[in-house]
Amino acid sequence: MSTLIKNGRIITATDDYVADVFIEGETISAIGKNLNVNASTVIDAAGLLVMPGGIDPHVHLAMPFMGTFSSDDYETGTRAALYGGTTTIIDFVLQTQGKSLQHALDDWNSRAKGTAVGDYSFHIAVTDFNEDTKKEIKHFIEEEGITSFKTFMAYKGALMIDDRQMVGLMQEVKKQGGMVTVHATNGDMIDFLVAKHKSEGKTAPLYHYLSQPEITEAEASSRFADMIHYTGCPGYIVHLTCEGALNAVRNATRRNQHLFVETCIQYLVLDASLYENDFEGAKWVMSPPLREKKDQTTLWAGINQGLVNVVATDHCPFMWEQKLMGKDDFSKIPNGHPAIENRMELLFSEGVNKGKISLNKYVEVASTNAAKIFGMFPRKGTIAVGSDADIVLFDPNEKHTLSASKHHMNVDYSGYEGWELTGKVKSVLLRGTVAIDDNKCLVDKGYGQFVKRKGPNSKA
Ligand code: URP
Ligand code: ZN
Ligand code: ZN
């Protein structure tokens with residue numbers, strides 16, 4: 001099977017040129033002007049951007065969480081991702097406290113294998129670091145191709161580890177060649193504020209936001225950066241949202257640390273005023289919460305300064321009925337919001353189209369950096385000879401409107417209902433096969449493959 005994509009404008013993290021791309025089997029075999037090849041399929045991409053498939057390294061599919069499960073499973077979630085131009089996702093396997101990492105991996109494999117439509121990989125969240133867990137780290141890195149170990153500094157009693165466990169994990173992960181990633185907010189401070197607000201009868205979604213002020217994230221980000229510095233382990237902060245936390249990272253860069261930063265699309269384009277609409281605000285109850293306009297400015301600047309390396313989603317959807325679990329108590333609203341399908345188009349429309357980031361930067365933060373940081377480059381994250389033919393054909397001028405009535409995510413509302421965007425995914429190839437074309441998905445459940453990863457590339 002071979003495909004020729006003709007006359008598209010190829011955009012990578014560094015390049016911008018018009019050429020043809022020739023694909024044989026699952027990989028790119030030639031790139032050049034007017035390629036003289038025989039292809040079984042020819043796609044005319046004149047007027048379209050030809051970009052590497054998006055990589056979303058922060059999603060939660062069918063995740064058991066806060067007494068329920070996130071509503072997209074591997075089939076609906078990875079299919080929706082493909083519709084939105086994301087060809088590879090990385091999900092989080094959650095260790096159950098008192099059980100092994102392997103036990104959790106078996107559980108996640110049973111949900112993902114044979115179900116995923118798009119490609120996927122796993123981080124493993126270490127929620128109980130002890131002598132037994134420590135022994136499993138080497139196996140995960142060397143045999144399973146799972147090289148990133150997620151930690152939570154919040155969600156006390158369920159997922160949170162203390163600093164002693166954190167430092168122990170960092171030392172072992174560094175020794176074995178992996179990376180520690182973190183949800184960096186101060187769990188004890190948050191617990192205190194949640195209890196205080198509830199004792200005062202303050203139960204609306206607004207109090208979710210007021211229970212996680214900026215300082216809770218700035219403090220934990222700074223502490224994590226210090227522990228990463230002390231242990232020498234590469235680190236990655238997930239879903240960083242605010243100026244205070246980014247300033248902690250800015251300080252850390254003075255020490256020449258291996259500390260990477262991810263923000264998520266919602267923190268760039270939405271703000272905390274959404275919590276003022278009574279229970280409607282539950283749609284955006286996530287942790288950390290949405291922040292202020294000044295934080296959006298900081299995050300866009302951080303992207304251009306190279307301090308924010310990745311724009312992900314933290315896609316963790318819940319049906320409205322599930323959100324209603326917290327109708328009388330904000331602390332029972334399942335945390336998370338849907339965006340896996342919207343990330344690439346939102347980032348283009350709000351970022352590139354509005355002049356906040358360049359096209360090359362767009363590809364860098366939506367795809368290439370995640371591939372590098374998480375050990376998938378150059379197989380994923382670029383358009384180059386030998387790379388997987390994961391390619392998005394994108395019309396930069398087409399206008400469209402986001403709506404739950406049109407999206408493919410398994411959730412009955414949109415966090416972006418009625419938003420008018422410029423720039424639309426037209427076709428998506430995944431490992432050489434046309435997966436999305438003309439608003440139809442052409443690959444089946446089970447087409448998605450698990451991607452084994454190498455250790456982090458500290459030069460990302
Ligand atoms: O609200 C969120 N972020 N839900 C998913 C779990 C997490 O903290 O990433
Ligand atoms: Zn988190
Ligand atoms: Zn998350």
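Along the sequence shown, residues carry numbers from 1. Each ligand, and each atom within it, is numbered from 1 in the order the structure gives. Side chains are part of it too, since the values below use all heavy atoms of this structure and drop only hydrogens, waters and symmetry mates.
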Exercise for review: For the atoms NE2 of His58 and NE2 of His60, give the angle they form at the Zn ion (ligand 3), rounded to 10 degrees.
Suggested key: 110°
Review point. Non-hydrogen atoms of Phe92 versus ligand 1: any pair closer than 4.0 Å?
Key: no
Check your understanding: By atom name, which N, O or S atom belonging to His183 lies closest to the Zn ion (ligand 2)?
Key -> ND1
Check your understanding: Any idea which atoms of ligand 1 are less than 4.0 Å away from a heavy-atom of His183?
Key -> 8 (O)
Exercise for review: Check Thr313, Thr88, Thr86 against Asp56 for a side chain to side chain donor-acceptor pair (under 3.5 Å) and give me the one that passes.
Suggested key: Thr313
Check your understanding: Any chance CD of Glu321 has more than 12 other-residue heavy atoms, nucleotides or ligands included, within less than 6.0 Å?
Key -> no
Point to revise | 4.5 Å side-chain heavy-atom contact, Tyr413 and Pro338 | key: yes
Study note, to complete from the structure: Here the atoms of ligand 1 under 4.0 Å from any heavy atom belonging to His239 are 8 (O), 9 (O)
**Study point:** Atoms of ligand 1, numbered as shown, that sit under 4.0 Å from any heavy atom of Asn335
**Key:** 1 (O), 2 (C), 4 (N), 5 (C)
Check your understanding: ligand 1 versus Met286, non-hydrogen atoms closer than 4.0 Å: side chain, backbone, both, neither?
Key -> both
Practice item. Give the atoms of ligand 1, by number and element, whose distance to some non-hydrogen atom of Cys316 is under 4.0 Å. Key: 5 (C)
Review point. For the Zn ion (ligand 2), which N, O or S atom of His239 is at the shortest distance?
Key: NE2
Exercise for review: Using a cut-off of 6.0 Å, state whether more than 12 heavy atoms not belonging to Lys294 lie near its atom NZ.
Suggested key: yes
Review point. What class does the angle between the rings of Phe348 and Tyr362 fall in, given that below 30° is parallel, 30 to 60° is tilted and above 60° is perpendicular?
Key: perpendicular
Review point. Does even one non-hydrogen atom of His337 get within less than 4.0 Å of ligand 1?
Key: no
**Study point:** Polar contact flag for Lys150 and ligand 1 (N/O pairs, less than 3.5 Å)
**Key:** no
Practice item. Go through ligand 1 atom by atom and flag the ones less than 4.0 Å from a non-hydrogen atom of Ser287. Key: 1 (O), 2 (C), 3 (N), 8 (O)
Practice item. Would you mind listing which atoms of ligand 1 come within a distance below 4.0 Å of any non-hydrogen atom of His60? Key: 5 (C), 6 (C), 7 (C), 9 (O)
Check your understanding: Taking everything shown except His139 itself, do over 12 heavy atoms lie less than 6.0 Å from its NE2?
Key -> yes
Exercise for review: For the pair Tyr236 and Phe260, name the ring-plane relationship: parallel under 30°, tilted 30 to 60°, perpendicular over 60°.
Suggested key: tilted
Point to revise | Contact partition for Asp314 relative to ligand 1, non-hydrogen atoms under 4.0 Å | key: side chain
Review point. Would you call Asp73-Arg111 a salt bridge at under 4.0 Å N-O?
Key: no
Practice item. Kindly give the atom name of the N, O or S atom of Asp314 closest to the Zn ion (ligand 3). Key: OD1
Check your understanding: How close does the nearest protein non-hydrogen atom get to atom 7 (C) of ligand 1, and which residue and atom is it?
Key -> Tyr155 OH, 3.5 Å
Review point. With the threshold set at 4.0 Å, does a side-chain nitrogen-carboxylate oxygen contact exist between Arg431 and Asp119?
Key: yes
Review point. With respect to Thr241, which candidate in Gln296, Glu217, Gln266, Glu292 satisfies the side chain to side chain donor-acceptor pair (under 3.5 Å) definition?
Key: Glu217
